[in-house]
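Naming convention: chains lettered A, B, ... in sequence-line order (proteins, then strands); numbering from 1 in each chain.
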Amino acid sequence: MTESKTDTATKVVDFREPRVGVFLCHCGLNIAGTLDMDDLEEYSKKLADVVFVKQNRYTCADPGQDEIRKAIAEHDLTRVVVAACSPRMHEPTFRTTVKDAGLNEFYFEMANIREHCSWCHPKGEATQEKAKEIIKMAVAKARLLAPLQKFEVPVTPKAMVIGGGVTGIHSALDLANMGFKTYLVERDESIGGHMAQLDKTFPTLDCSICIEGPKMVECSRNPNIEIISYADILSVDGYIGNFRVKILKKARYVIQSECTGCGECVESCPIEYPNSWEQNLGTRKAISIPFPQAVPLVFTINMDHCIECFMCIDACGDRQAINFSQEPEEIEVEVGTIVVATGFHSMYEPIPGSESKPAEKGYYGYGKFDNVLTALEVERLVCAGGPTGGEVIRRSDGKHPKRVGFIQCVGSRDINKYEYCSNFCCMYTIKNSVLIKEHEPDTEIYIFYIDMRTSGKGYEDFYRRGRESGFTFIKGRPYEVIEDPDTKNLIIRTEDALLGEPIEVEVDLLILSTAGEPSEGTNELGSKLHITRSGDGFFMESHPKLKPLDTPVDGIYLAGACQGLKDIPYSVAQGSGAAARAATVLSKKTVEIEPIVAVIDPETCVNTDRKCGICVDKCPYGAINALEGKAAVVNVANCHGCGTCVASCPQDAITQMHFTDEQIMAQIRAALEDKAEEKILVFACNWCCYSGSDLAGTSRFEYPPTARIIRVMCSGRVDTDFVAEAYRLGAGMVLVGGCHLPTDCHYISGNWVAKERIERYAKVVEGAGISPERLRWKEISAAEGLIFVNTIKEMSQQLEDIGIDKIKEENEKARKRIEAPLRRKGLIPTVKVAESDE
Amino acid sequence: MPLKLIRTEDDRTLTIERGLYTKRFLLIVDRETCRGCGICERVCHTSAISLHERPKEVIDGKERAVRAQIDIDPHLCDHCGICEATCPFAAITHTINGEPIVCVHQIEAFPEYIREIVIDESKIAPYIKRAETLCPLGLISVEDGEISIDGKSCPCCRVCEDKTDGAIKVRKIFHGSIKIEQERCPEGCQNCFDVCPVDALGLRDDGKVYPIDKFCVYCEACVKVCPEPEALTVTRTSIRHTQVKSGAWNKTLEKLTTGTALEQEMQTKRTSKIAESMARRQVIGAGGD
């Protein structure tokens with residue numbers, strides 16, 4: 001089935017002569033406020049093959065889309081260019097519009113004059129000029145666009161949820177209840193996540209495990225859910241509808257199906273070790289479960305501590321659930337979608353396996369003074385099921401504290417640690433204060449805060465309750481905490497910002513509201529899934545407003561604190577939301593995927609005569625086969641469309657659909673037709689650098705309007721011929737922007753190939769007499785709008801420093817060497833064509 | 001602060017602490033009692049224990065070897081108590097919240113050494129006067145006119161048995177052999193002699209050391225200070241201990257003795273198991289008939 005679709009997709013069907021319609025969007029005043037739209041209209045009319053130009057207030061709105069459909073019919077348009085926002089925003093919208101009007105959806109191109117122009121440059125001639133050229137580049141590409149057919153691939157109607165906290169549990173339950181088989185993968189021995197560790201939840205003071213426990217059990221009972229706990233994700237392959245996930249199930253040395261959860265083995269075990277689930281406040285046995293409500297209720301032997309006395313085997317007896325020769329098991333499952341719900345890590349929180357590490361020394365004497373605790377530790381102390389049986393006591397003397405201090409924003413809202421607000425600390429501090437006061441009513445509470453943030457439903461009431469209970473709120477970030485060596489009390493020094501004077505408060509117990517941070521392994525998981533992280537280290541959503549649950553990878557969704565810290569109700573809502581997003585894919589039999597694949601021309605490929613196989617090496621997915629004596633062939637189902645092979649082919653025998661050499665060359669020529677020496681030509685990878693440049697616009701960072709940005713799917717697509725053509729046309733600077741090494745690349749390793757290629761070519765360029773700073777490789781992530789801006793600023797400055805005359809001189813000097821490969825391949829257009837363009 | 005892992009040391013003791021909020025585990029090594037034999041180093045399942053050689057000391061104008069000293073990594077120690085259970089000199093003590101507890105003894109995951117020391121009251125009288133001189137480790141004293149032996153710390157060398165002509169009868173914990181190949185001994189070296197905790201090594205007129213097998217406890221403190229590999233070999237062939245069914249003990253036995261000891265134990269266990277099942281079968285058979 002795939003094959004027949006492959007044929008139609010790659011064959012150029014119904015190529016129609018270009019009749020371009022250009023639609024100029026005002027986007028309210030977002031674009032029209034900066035750019036002269038009438039001038040753009042006049043300019044666009046003069047571009048080659050443009051037969052129709054129209055301005056709209058909002059092209060993406062219904063009337064705007066109607067205009068497009070109408071114009072296609074009335075003016076027999078065969079290409080549509082919308083000059084508006086980023087293609088990452090509305091390209092899918094307009095493709096549908098074009099398709100509705102009976103035109104192939106790939107006959108559409110966007111000119112990004114909002115994020116790349118009106119939002120990041122002031123009103124003025126240079127900005128207007130840039131907008132014109134962005135449109136010109138889009139029209140130049142549009143003229144050469146070919147119609148393509150999307151692939152339809154079957155969808156595996158199963159889902160995977162990674163992370164079994166409260167978010168993942170809800171996601172899995174919703175998916176299962178919609179009828180989809182769901183794998184719930186958890187790294188730890190039990191699902192439950194942080195919520196299982198909490199004593200009560202704010203603002204209603206529900207017992208945390210009492211409300212989460214039943215959901216955990218529901219997961220284990222639901223016939224559609226398979227909990228794969230104590231397991232790591234090894235690798236993720238495939239694409240939307242068809243992911244293959246390899247999972248390593250760690251050895252528990254207990255056979256899950258035989259273990260009844262009776263716990264007799266625990267009684268027989270002589271060895272204790274610190275229980276990280278209890279924040280290392282208490283111990284567990286070498287064979288044990290981390291907490292009584294664990295799901296699945298299966299015991300685990302920790303071989304780091306087991307002395308192999310085999311007493312547990314005797315205790316287990318006829319059940320025979322213990323198997324000391326169990327090995328880790330690697331399994332592979334196929335799923336259609338993946339929901340990532342890996343949660344967060346609390347600062348200073350011990351992780352499993354950290355028993356051999358003492359508490360780290362941290363802020364305000366944590367790890368040094370006996371009576372300084374984190375909030376998560378207090379959750380375990382205040383919990384009746386915790387190691388002290390619900391008694392909040394001092395470590396130094398085991399007594400109940402009469403004065404308890406809380407310091408807020410420890411590690412959060414701190415430019416030296418994490419700049420973000422951790423979201424839930426204000427509320428849990430009030431909650432813990434209420435609980436401590438409930439246990440010991442004569443306790444005095446002191447809360448040191450910067451701002452109290454209680455913006456959820458019912459939260460402000462709870463805050464008022466705290467104030468009315470007589471808690472002392474002190475506005476100020478303490479600068480010092482010292483310990484009284486005799487009493488082991490803590491003395492907190494701060495400036496009371498409301499009184500405007502320094503104060504000193506002595507407390508018996510100090511509790512730190514430590515920041516939440518990305519979970520351990522977020523980076524590794526991100527690179528396995530090819531999803532990026534934002535500047536704060538959490539996973540990055542596709543769009544902060546409209547696609548908060550999506551990732552740049554189709555079919556992979558985010559939920560809960562792994563995307564940014566959030567409290568329980570918000571996490572649960574996101575868990576359900578992500579399940580709904582996943583179901584939009586799973587509920588269909590097939591899914592369409594982009595036909596932006598690579599195709600090899602068997603006539604041009606030289607593998608027929610001699611052993612070449614360069615493309616086979618460069619393909620990150622192993623999608624290309626080159627049998628001896630035969631032309632190489634791309635396995636379209638495995639091709640992800642990065643274009644790395646296309647740029648690597650010495651014969652230019654490979655074409656990337658929708659990003660052909662001709663199309664990109666046309667964009668380069670359009671960009672550099674005028675005043676090439678004053679421009680920076682940017683090749684930006686769609687996922688990182690291009691998104692970063694969009695973010696610069698969305699953030700309204702201003703930078704010089706010198707850059708002309710060409711979008712490629714991957715930096716690996718950037719052929720040295722493109723760079724050569726840029727210099728041939730006199731470009732001032734060339735920037736190739738890709739994802740961060742080593743693992744950020746959306747296509748596994750395209751950025752490695754690009755970096756190596758560009759750095760190698762930089763030597764050629766320099767050898768030809770071009771200043772080295774005029775060709776640059778830069779890794780810019782989707783979150784690094786500011787870095788994009790700074791790079792362009794820096795390069796513009798260098799451009800100015802070198803000077804136009806010197807650039808012209810260098811280009812002239814280098815012309816022969818730079819042009820040689822282009823000339824050899826016949827890539828230099830004849831003068832006549834160049835003229836007719838003008 | 002949740003977890004403290006601390007190592008403290010003074011002249012007499014080395015203390016390893018694992019302090020949790022609710023529990024405090026201590027491992028205390030009595031440096032005086034510790035003879036540097038290295039049995040604990042061999043048996044530790046997390047390799048937390050290491051032995052270090054120490055420089056020679058001048059005593060009475062003569063350079064003397066000093067027994068090796070143990071050190072324990074607080075990050076690796078599990079406070080399981082295996083070292084305490086296997087120390088023949090009882091130099092190690094474990095406590096949890098101040099209570100002396102040996103975890104592995106709690107549920108019989110580990111055996112105790114059998115120290116058989118019998119005093120023949122009818123013959124002992126002549127030796128009471130010089131009781132203090134009977135034991136090389138000073139474990140014999142007189143209390144209220146009666147002889148008293150600190151049996152818990154006794155490695156069972158039988159020196160007292162020899163000195164009292166059998167008024168005190170001792171059976172060894174460890175059985176084995178000690179061999180010195182004197183031709184391999186470096187000239188003038190008597191390191192082993194210097195560190196032997198009991199009187200199991202003698203000095204010949206020519207300065208060479210010879211073993212006295214009947215007193216040797218096969219602890220290997222001498223091996224730890226011997227500069228010449230193979231000059232001095234100690235092998236343990238069996239250990240007298242209470243019966244337990246424990247894989248950890250089998251492993252320990254393997255580490256401490258030649259393979260035959262474990263084999264013998266397993267054989268004994270197997271035989272008794274077969275006997276047991278035969279007996280059971282007979283019962284069942286009888287019932288069936």
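The OG1 atom of B:Thr22 lies 8.5 Å from the CD atom of A:Glu278; values are rounded to the nearest 0.5 Å. The distance from atom NE2 of A:His305 to atom CG of B:Leu76, rounded to the nearest 0.5 Å, is 10.0 Å. The distance from the SG atom of A:Cys309 to the CZ atom of B:Phe110 is 9.0 Å, given to the nearest 0.5 Å.
Other residues, nucleotides and ligands contribute at most 12 non-hydrogen atoms within 6.0 Å of the NZ atom of B:Lys273. Shown here is B:Glu53, whose CD atom has no more than 12 heavy atoms of other residues, nucleotides or ligands within 6.0 Å. Within 6.0 Å of atom CD in B:Glu265, more than 12 heavy atoms from other residues, nucleotides or ligands are found, so the atom counts as buried in its surroundings. The number of heavy-atom neighbours closer than 6.0 Å to NZ of A:Lys250, taken from other residues, nucleotides and ligands shown, is above 12. Other residues, nucleotides and ligands contribute over 12 non-hydrogen atoms within 6.0 Å of the CZ atom of B:Arg54. Atom NZ of A:Lys399 has 12 or fewer heavy atoms from other residues, nucleotides or ligands within 6.0 Å.
Within residues 78-96 of chain B, the residues having any heavy atom closer than 4.5 Å to a heavy atom of chain A are B:Asp78, B:Cys80, B:Ile82, B:Ile96, listed by residue number. Residues of residues 37-50 of chain B placed with any heavy atom under 4.5 Å of a heavy atom in chain A are listed by number as B:His45, B:Thr46.
When the candidates B:Lys251, B:Gln106, B:Arg18 are compared by the number of heavy-atom contacts under 4.5 Å with chain A, B:Arg18 comes out ahead. The choice from A:Pro358, A:Cys269, A:Gly282 that makes the most heavy-atom pairs within less than 4.5 Å of chain B is A:Pro358. With respect to chain B, the highest number of heavy-atom pairs below 4.5 Å among A:Cys306, A:Gly398, A:Pro274, A:Gly362 belongs to A:Pro274.
Side chain of A:Ser268 to backbone of B:Ile107: no donor-acceptor contact under 3.5 angstrom is found. For the pair B:Tyr21 (side chain) and A:Ile393 (backbone), a donor-acceptor distance under 3.5 Å is present.
Taking the side chain as every heavy atom from C-beta outward, A:Glu272 and B:Phe25 approach each other to under 4.5 Å. The side-chain heavy atoms of A:Asp370 and B:Lys4, taken from C-beta on, include a pair separated by under 4.5 Å.
Using a 4.5 Å cut-off between heavy atoms, A:Arg394 contacts chain B through its backbone alone, with no side-chain atom that close. Of the atoms belonging to A:Ile307, heavy atoms from both backbone and side chain fall under 4.5 Å from chain B. Contacts between A:Gln279 and chain B at a heavy-atom distance below 4.5 Å involve the backbone alone (N, CA, C, O). Interface residue A:Asp304: only backbone heavy atoms are found under 4.5 Å from chain B. With a threshold of 4.5 angstrom between heavy atoms, A:Leu512 does not approach chain B through any atom at all.
The two residues B:Ser246 and A:Met311 come nearest to each other via the heavy atoms CB-CE, 4.0 Å. Heavy-atom minimum distance, B:Leu3 versus A:Lys357: CD2-O, 3.3 Å.
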How far apart are the C-alpha atoms of B:Leu20 and A:Thr283, what are their side-chain angles, what is the distance that settles it, and do they pass the side-chain contact (heavy atoms from CB on, under 4.5 Å) test? CA-CA 8 Å; B:Leu20 294 102; A:Thr283 58; 3.9 Å; yes
